[in-house]
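Structure first, then comments.
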Amino acid sequence: MEHFVDLAAIADFNLVAKHGGFGRAARQSGRPKATLSRRIAELENSLQLRLFERGARRLVLTEEGEALYQRTATLLTELDETVLAISSGVARPRGRLRISAPLLFCQLAMGRLAAEFAIKYPDVQLDVISDDQPVDMVDQGYDLVIRVNPAPDENLYGRPILHDRLVVVAHPDLQRPSGDVPVPVVVRGFEKPTTVWQLTSENVTFSIAVTPVLALSSMIMLRDAVRAGAGAGLLPVSLVNQDIQSGKLVCWGEADAAPIELWALYPSRRLLNARVSAFLEHLKAAFPTGEPEELAAYIQ
């Protein structure tokens, strides 16, 4: 038997859930309290589910009610935006856009990216949170997540926006070693200890012995320590390209490491709304080819 969803009833349910009771929902919407109560009862009967626990003073969503609210509130908002866009003839981005992005990318580029986007789309309330940890986009309310080399996830769609690679750089006064003489290096604090780095320079692959002398938790601190001459460092091209070009740092070679890809991810089960589409196009305009030199130039 086919089951038809009553969108009006779902909208009434969201109204009551949002305001936490029939009285508040009625005052905010101007609709009779009795009508809202009857509509919710009809919805519960049609679904064969109890959506609210009715206390003496307030309503509390049941587990099923909470699940329904979480899954329908955003969809109804997007439906309203679509109807508004169609009626106005222009799919103008508006509303809140919540983004999670890695700390380093936020420190280097997101401030400028966000400002340019806010100026271009004043009707969008942009909210950017820096976070390197995995997030649940739906549960945590993110519209877009930017991550480095993300693990495959069948619930997400995405596209790479930037590519990078690791190079070994050092202060000009630090000579590139020869033979088995170890060179002092600065490393990320959480990396596994190592005594050898594999490099490629001018199509020649070679190895250098290394001795970690300093462990730092961020790439920016690591770069600054390498600039100061503490030791050689393994850093993204985008972060040191300008220093290499200016002679502040010398590149010893490209590291034998997996390529770095920065991806923009969004939930596959939701339509790509105008806000997300606009921000993806904004990223594409800032980094047309996605090469590390583009990010290096942008952050300067």
Side-chain angles (χ1 to χ4, degrees), residues 5 7 10-11 14 69-164 238 260-292 294-295 297-299:
V5 177
L7 289 180
I10 295 294
N14 273 267
Y69 181 57
Q70 291 295 329
R71 286 164 172 78
T72 58
T74 302
L75 292 174
L76 287 173
T77 299
E78 292 179 356
L79 182 60
D80 288 341
E81 291 174 356
T82 300
V83 172
L84 180 62
I86 293 173
S87 65
S88 64
V90 179
R92 181 177 178 82
R94 64 181 69 242
R96 189 183 185 195
L97 177 60
R98 198 161 185 258
I99 298 174
S100 172
L103 177 61
L104 180 61
F105 186 69
C106 286
Q107 291 174 328
L108 295 177
M110 189 56 84
R112 178 180 168 188
L113 282 167
E116 292 170 343
F117 186 82
I119 293 170
K120 188 174 182 180
Y121 298 103
D123 293 330
V124 176
Q125 292 80 53
L126 185 58
D127 186 1
V128 180
I129 295 90
S130 61
D131 194 345
D132 292 319
Q133 300 302 314
V135 297
D136 187 312
M137 295 190 64
V138 176
D139 286 349
Q140 294 177 248
Y142 287 113
D143 301 289
L144 188 70
V145 167
I146 299 173
R147 285 295 180 268
V148 176
N149 292 350
D153 189 331
E154 63 182 11
N155 295 316
L156 299 178
Y157 283 144
R159 64 182 72 170
I161 56 175
L162 280 168
H163 305 272
D164 216 333
S238 60
I260 301 170
E261 289 188 333
L262 197 67
W263 282 68
L265 306 168
Y266 44 90
S268 61
R269 65 183 181 84
R270 289 165 52 190
L271 294 174
L272 194 59
N273 63 49
R275 299 182 301 279
V276 174
S277 294
F279 197 83
L280 289 173
E281 289 303 313
H282 185 59
L283 289 171
K284 181 64 176 178
F287 314 113
T289 67
E291 293 303 310
E294 284 185 337
L295 178 56
Y298 186 83
I299 65 181

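The shown structure was predicted, so the numbers you read here are calculated from the model rather than taken from an experiment. Just the heavy atoms: all of them, side chains too, but no hydrogens, waters or symmetry mates, feed the values below.
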[Y] backbone acceptor or donor facing [X] side chain under 3.5 Å:
{"X": "Asp123", "Y": "Pro93", "answer": "no"}
{"X": "Glu294", "Y": "Thr289", "answer": "yes"}
{"X": "Arg275", "Y": "Arg96", "answer": "yes"}
{"X": "Arg159", "Y": "Leu280", "answer": "no"}
{"X": "Gln140", "Y": "Asp136", "answer": "yes"}

Quick one: [atom1] on [X] to [atom2] on [Y], what's the gap to the nearest 0.5 Å?
{"X": "Met110", "Y": "Leu283", "atom1": "CE", "atom2": "CG", "result": "6.5 Å"}
{"X": "Cys106", "Y": "Ile146", "atom1": "SG", "atom2": "CD1", "result": "7.5 Å"}
{"X": "Asn14", "Y": "Thr72", "atom1": "CG", "atom2": "OG1", "result": "3.5 Å"}
{"X": "Leu7", "Y": "Leu76", "atom1": "CG", "atom2": "CG", "result": "7.0 Å"}
{"X": "Leu262", "Y": "Leu295", "atom1": "CG", "atom2": "CG", "result": "8.5 Å"}
{"X": "Tyr266", "Y": "Ile99", "atom1": "OH", "atom2": "CD1", "result": "13.5 Å"}

* Asked: Do Asp131 and Ser100 meet the criterion of a side-chain donor-acceptor pair at a distance under 3.5 Å?
  -> no
* With Glu116, which residues qualify under salt bridge (Lys or Arg N to Asp or Glu O under 4.0 Å), at least two apart? -> Arg112
* State whether Asp143 and Arg98 are salt-bridged, where the test is any N-O pair (Lys NZ or Arg NE/NH1/NH2 against Asp/Glu carboxylate O) under 4.0 Å. => no
* Would you sort out whether Asp127 and Leu97 count as a side chain to side chain contact (heavy atoms under 4.5 Å, CB included), showing the intermediate values? => CA-CA 6 Å; Asp127 186 1; Leu97 177 60; over 6 Å; no
* Structure fact -> residues 101-120 vs ring pair (Phe, Tyr, Trp, His ring centres under 6.0 Å), sequence neighbours excluded, gives Phe117-Tyr121, Phe117-Phe279, Phe117-His282
Indicate the atoms forming the closest heavy-atom contact of [X] with [Y], along with that distance.
{"X": "Ala109", "Y": "Tyr298", "answer": "O-CE2, 3.9 Å"}
{"X": "Ile161", "Y": "Phe287", "answer": "O-CB, 4.1 Å"}
{"X": "Pro150", "Y": "Leu265", "answer": "CB-CD1, 3.9 Å"}
{"X": "Val148", "Y": "Pro102", "answer": "CG2-CG, 4.3 Å"}

* Apply the test side chain to side chain contact (heavy atoms under 4.5 Å, CB included) to residues Glu291 and Leu162: give CA-CA distance (whole Å), side-chain angles for both, the deciding distance (0.1 Å), then the verdict. => CA-CA 6 Å; Glu291 293 303 310; Leu162 280 168; over 6 Å; no
